Amino acid sequence: MAQKPSIPKGTRDFTPQEMANRNYIFNTIKDVFRLYGFQQIETPAMENLSTLMGKYGEEGDKLLFKILNSGDYLSGLTNDELLGRNSTKLTTKISEKGLRYDLTVPFARFVVQNRDKISFPFKRYQIQPVWRADRPQKGRYREFYQCDVDVVGSDSLLNELELIQIVDEVYRRLKINVVIKINNRKILSGIAEIIGETEKITDITVAIDKMDKIGLDKVNEEIASKGISEEAIAKLQPILKLSGTNEEKLTQLKTVLSASEIGLKGVSELETIFGLCKAMSLATHIELDLTLARGLNYYTGAIFEVKALDVEIGSITGGGRYDNLTGVFGMDGVSGVGISFGADRIYDVLNQLDLYPETSIEQTQILFVSFGEAELMYCLPLLKELRNNGINAEIYPESAKMKKQMSYADNKKIPYVAIVGDTEMNEGKVMLKNMKTGQQSLMTLEDVLTELK
RNA sequence: GUGAUUAUAGCUCAGUUGGUUAGAGCGUCGGAUUGUGGUUCCGAAGGUCGCGGGUUCGAGCCCCGUUUUUCACCCCA
């Protein structure tokens, strides 16, 4: 036998059945996005590395897939560069393109580059794969689809509300029980300010993000290991232990953060958002979670994360407000807010809960059995007529044994088979067999049409 | 990047302390049945036991390396 073929680690093939299931997810999400006035764009799979590098932190740069320059990519190198064994330096010489790591940064680039063609506020959605050179594990792939919705060019908290409504509606349609966790980067900044460790905010947020997983003690350990004073950690404790309803938490926070202007701004933003959500009476539970920090550092306001309640998997949707993402591409003063649905994780959740609708519209409805030349010439026009009427129809392309053709229909779960031989042709009819009941009857094409519709 | 874990037929997996010619189920193909699928029965094809090296009279099984799978950490959808 020849060498066994394989695909790169962290990637997956999808069969027709799996694609039908995935398209159900994509279509559901798309429908909701459109309902709120978002328009689709696409960007290239690859971007210039200069666009991607430095936008996701040091860790992110490492996880970028880089594309080797074409041609003799070593020709311009000096021996020193080649033998220097400095991967970072060498990379810039031999690779100038990379696969996109997310959809937000390419979108920011898109906005800057196409600002003459779009009018603000710009509401776009984008459903495309992204690639990360991570080690794959549960719910983590190296190629996966994100479904992003963002609004740029509007500071209004109404946008946050609509994104929450979209989350609510998407998961209602997909029948997945979720909780929406929400936090505000300004509150986190306020906390850092209060405890006097503003420059350590990233370390602090990364640590408290793990609260769920490792518990309070370990979080304190990790924060201490980052060189934060005991005094500051002591001040942090009441915040980490915050409990009660969202309103109660906000009230407590107002007291704790009374000396921090930015912190209070964050609290008031969340109050507004919660107020709006309450007025819309959403089905999904929304929870203020201060331990929600999210790694991507460009968030500046609200932060969202959605967790599935019935399946153990990482967050299936996440996002937030970023005040100046386009700034790095030379366009200041454009605020954006957006969220990203992780289609592959949603797919895993749906698979585990088996929540797919039964019928699939992509299915073939009728198969014509092939006997020979004369029968073919009789069947082809009938086939065309059915297709003109919007019926998914096919004919078995070879005059194989009937058993084989019937098995084909059976395996493909085609509900009807049309059998046409001498008898049928003489009468100008077809023999229509219902594969479920096994019954069959001689009928005209018109009868077939009404039967199938 | 760190630590574990896995690899045997197209797929899912057996394979005893190292001992003849490595098995099963499913799938595929052929037949029972040349115009009838699902159920049944009969038969066949299909393997460099991930790859490379080592130990041994002898390795699917033991050792080393490597790749791969899955999981946890880091980080993240």
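So you know, we letter chains A, B, ... as the sequences are listed, proteins then strands, and number each from 1. Every value quoted in this text rests on a predicted model; they were computed, and no experiment measured them. Just so it is clear, the values below take in all heavy atoms, side chains as well, and ignore hydrogens, waters and symmetry mates.
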Chemist: For A:Gln440, check side-chain hydrogen bond (donor to acceptor under 3.5 Å, both in side chains) against everything at least two apart and list the hits.
Modeler: none
Chemist: State, with a plain yes or no, whether a side-chain heavy atom of A:Glu193 is found less than 4.5 Å away from one of A:Ile262.
Modeler: yes
Chemist: Quick one: A:Leu64 CG to B:C75 P, roughly how many Å, whole number?
Modeler: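 The answer, rounded to whole Å, is 17 Å.
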Chemist: Would you tabulate the pairs of protein nitrogen or oxygen atoms and nucleotide nitrogen or oxygen atoms of nucleotides 72-74 of chain B closer than 3.5 angstrom?
Modeler:
unit_1, atom_1, unit_2, atom_2, d
B:A72, OP2, A:Gln137, OE1, 2.8
B:C73, OP1, A:Lys213, NZ, 3.3
B:C74, OP1, A:Lys210, NZ, 3.4
B:C74, N4, A:Gln137, NE2, 3.3
B:C74, N4, A:Arg140, NH1, 2.6
B:C74, N4, A:Arg140, NH2, 3.0

Chemist: Given the P atoms of B:C51 and B:A7, what is the spacing between them in whole Å?
Modeler: 13 Å
Chemist: Can you check the A:Asp344 CG to B:C76 P distance for me, whole Å?
Modeler: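 That distance rounds to 19 Å.
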Chemist: Within this structure, what is the CG-to-P distance between A:Asp209 and B:C76, rounded to whole angstrom?
Modeler: 8 Å
Chemist: With heavy atoms under 4.0 Å as the rule, sort A:Gly60 into base, sugar-phosphate or nothing.
Modeler: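 No contact at all - A:Gly60 keeps every heavy atom at 4.0 Å or more from the nucleic acid.
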Chemist: For RNA chain B, which residues of residues 444-453 of chain A approach it to below 4.0 angstrom with any heavy atom?
Modeler: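 The answer is none.
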Chemist: Between A:Tyr125 and A:Phe33, is the ring centroid distance below 6.0 Å?
Modeler: yes
Chemist: Keeping A:Arg100 on the side-chain end and A:Pro44 on the backbone end, is there a donor-acceptor pair under 3.5 Å?
Modeler: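 It does hold such a pair.
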Chemist: Name the residue closer to the 5' end of RNA chain B, choosing between A:Val306 and A:Lys9 according to the nucleotide with the nearest heavy atom.
Modeler: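 It is A:Lys9 whose nearest nucleotide is closer to the 5' end.
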Chemist: So, do A:Tyr396 and A:Phe368 have ring centers that fall under 6.0 Å from each other?
Modeler: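 No, ring centres 6.0 Å or more apart.
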Chemist: Round to the nearest Å and state the distance from A:Ile127 atom CD1 to B:A77 atom P.
Modeler: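 After rounding, the gap between these two atoms is 17 Å.
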Chemist: Determine the interatomic distance between P on B:C11 and the same-named atom on B:G1; round to the nearest Å.
Modeler: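 One P to the other, the span is 28 Å.
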Chemist: What string of B, S and - do you get for nucleotides 29-44 of chain B, 5' to 3', when a contact is any protein heavy atom under 4.0 Å?
Modeler: S-S---BBBB------
Chemist: Test: side-chain hydrogen bond (donor to acceptor under 3.5 Å, both in side chains). Region: residues 414-428 of chain A. Which pairs qualify, not counting sequence neighbours?
Modeler: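 Residue pairs passing side-chain hydrogen bond (donor to acceptor under 3.5 Å, both in side chains), neighbours aside: A:Tyr416-A:Glu451.
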Chemist: Would A:Arg132 count as a cation-pi partner of A:Tyr101, with NZ or CZ less than 6.0 Å from the six-membered ring centre and within 45° of the ring normal?
Modeler: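 Yes, A:Arg132 and A:Tyr101 form such a contact.
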Chemist: I need the CG-C1' distance between A:Leu292 and B:C76, as an integer number of Å.
Modeler: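 To the nearest whole Å, that distance equals 13 Å.
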Chemist: Nearest whole Å is fine: how far is B:A77 P from A:Gln126 CD?
Modeler: 15 Å
Chemist: Could you tell me how far B:A9 sits from B:G23 if I compare only their P atoms? Round to whole Å.
Modeler: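 Taking atom P in both B:G23 and B:A9, they lie 14 Å apart.
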Chemist: Apply side-chain hydrogen bond (donor to acceptor under 3.5 Å, both in side chains) to A:Thr15 and list each qualifying residue two or more places apart in sequence or on a separate chain.
Modeler: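 Applying side-chain hydrogen bond (donor to acceptor under 3.5 Å, both in side chains) to A:Thr15 gives A:Glu18.
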Chemist: A:Gly10 or A:Tyr145: which one's nearest nucleotide on RNA chain B is closer to the 5' end?
Modeler: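 First, find each residue's nearest nucleotide; the 5'-ward one identifies A:Gly10.
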Chemist: For RNA chain B, what are the stems built from at least three Watson-Crick or G-U pairs in a row, each pair having both distances below 3.5 Å?
Modeler: B:1-4 with B:70-73, B:10-13 with B:23-26, B:28-32 with B:40-44, B:50-54 with B:62-66
Chemist: Name all residues meeting the side-chain hydrogen bond (donor to acceptor under 3.5 Å, both in side chains) criterion together with A:Lys93; count only those two or more places apart in sequence or in a different chain, and write none if there are none.
Modeler: A:Glu81
Chemist: Provide the full list of side-chain hydrogen bond (donor to acceptor under 3.5 Å, both in side chains) pairs with a residue in residues 337-356 of chain A, sequence neighbours left out, each pair given once.
Modeler: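 Listed once each, the pairs are A:Arg12-A:Asp344, A:Arg12-A:Asp348, A:Arg22-A:Asp344, A:Tyr141-A:Asp348, A:Asp148-A:Ser340, A:Asn351-A:Tyr356.
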Chemist: For nucleotides B:U39 and B:U33, find the distance between their C1' atoms and express it as a whole number of Å.
Modeler: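 Rounded to whole Å, the distance is 14 Å.
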Chemist: Which value, in whole Å, describes the distance between the P atoms of nucleotides B:U69 and B:U12?
Modeler: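 About 14 Å, rounded to a whole number of Å.
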Chemist: Partners of A:Glu375 by salt bridge (charged side-chain N to carboxylate O under 4.0 Å, His left out), sequence neighbours excluded?
Modeler: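 Scan of A:Glu375 (salt bridge (charged side-chain N to carboxylate O under 4.0 Å, His left out), adjacent residues dropped) gives none.
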Chemist: Using the C1' atom as the point on both nucleotides, what is the distance between B:A72 and B:G65, in whole Å?
Modeler: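 To the nearest whole Å, 25 Å.
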Chemist: Could you state the CG-P distance from A:Asp348 to B:C76, rounded to the nearest angstrom?
Modeler: 20 Å
Chemist: Keeping the roles fixed (side chain from A:Ser95, backbone from A:Thr91), state whether a donor-acceptor pair exists under 3.5 Å.
Modeler: no
Chemist: Under the side-chain hydrogen bond (donor to acceptor under 3.5 Å, both in side chains) rule, collect the residues that match up with A:Glu269, sequence neighbours excluded.
Modeler: A:Asn184, A:Lys186, A:Lys265
Chemist: Give the rounded distance in Å between these two atoms: CZ of A:Arg142 and C1' of B:A77.
Modeler: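 Those two atoms, CZ and C1', are 16 Å apart.
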Chemist: Do the charged groups of A:Arg124 and A:Asp150 touch, with an N to O distance under 4.0 Å?
Modeler: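 Salt bridge: yes.
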Chemist: Do any side-chain atoms of residues 169-183 of chain A form donor-acceptor pairs under 3.5 angstrom with protein atoms, and if so which ones, sequence neighbours left out?
Modeler:
unit_1, atom_1, unit_2, atom_2, d
A:Glu169, OE1, A:Arg172, NE, 3.2
A:Glu169, OE2, A:Arg172, NH2, 2.9
A:Glu169, OE2, A:Arg173, NE, 2.8
A:Glu169, OE2, A:Arg173, NH2, 3.4
A:Tyr171, OH, A:Thr317, OG1, 2.6
A:Asn177, ND2, A:Asp310, OD2, 3.0
A:Lys181, NZ, A:Asp212, OD2, 3.4
A:Lys181, NZ, A:Asp289, OD2, 3.4
A:Asn183, ND2, A:Asp289, O, 3.4
A:Asn183, ND2, A:Leu290, O, 3.2
A:Asn183, ND2, A:Leu292, O, 2.7

Chemist: Could you give the distance separating B:U66 and B:C29 at their P atoms, to the nearest angstrom?
Modeler: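 Per the computed distance, 43 Å lies between those P atoms.
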Chemist: When rounded to the nearest Å, what value does the distance between P atoms of B:U20 and B:C49 take?
Modeler: 16 Å
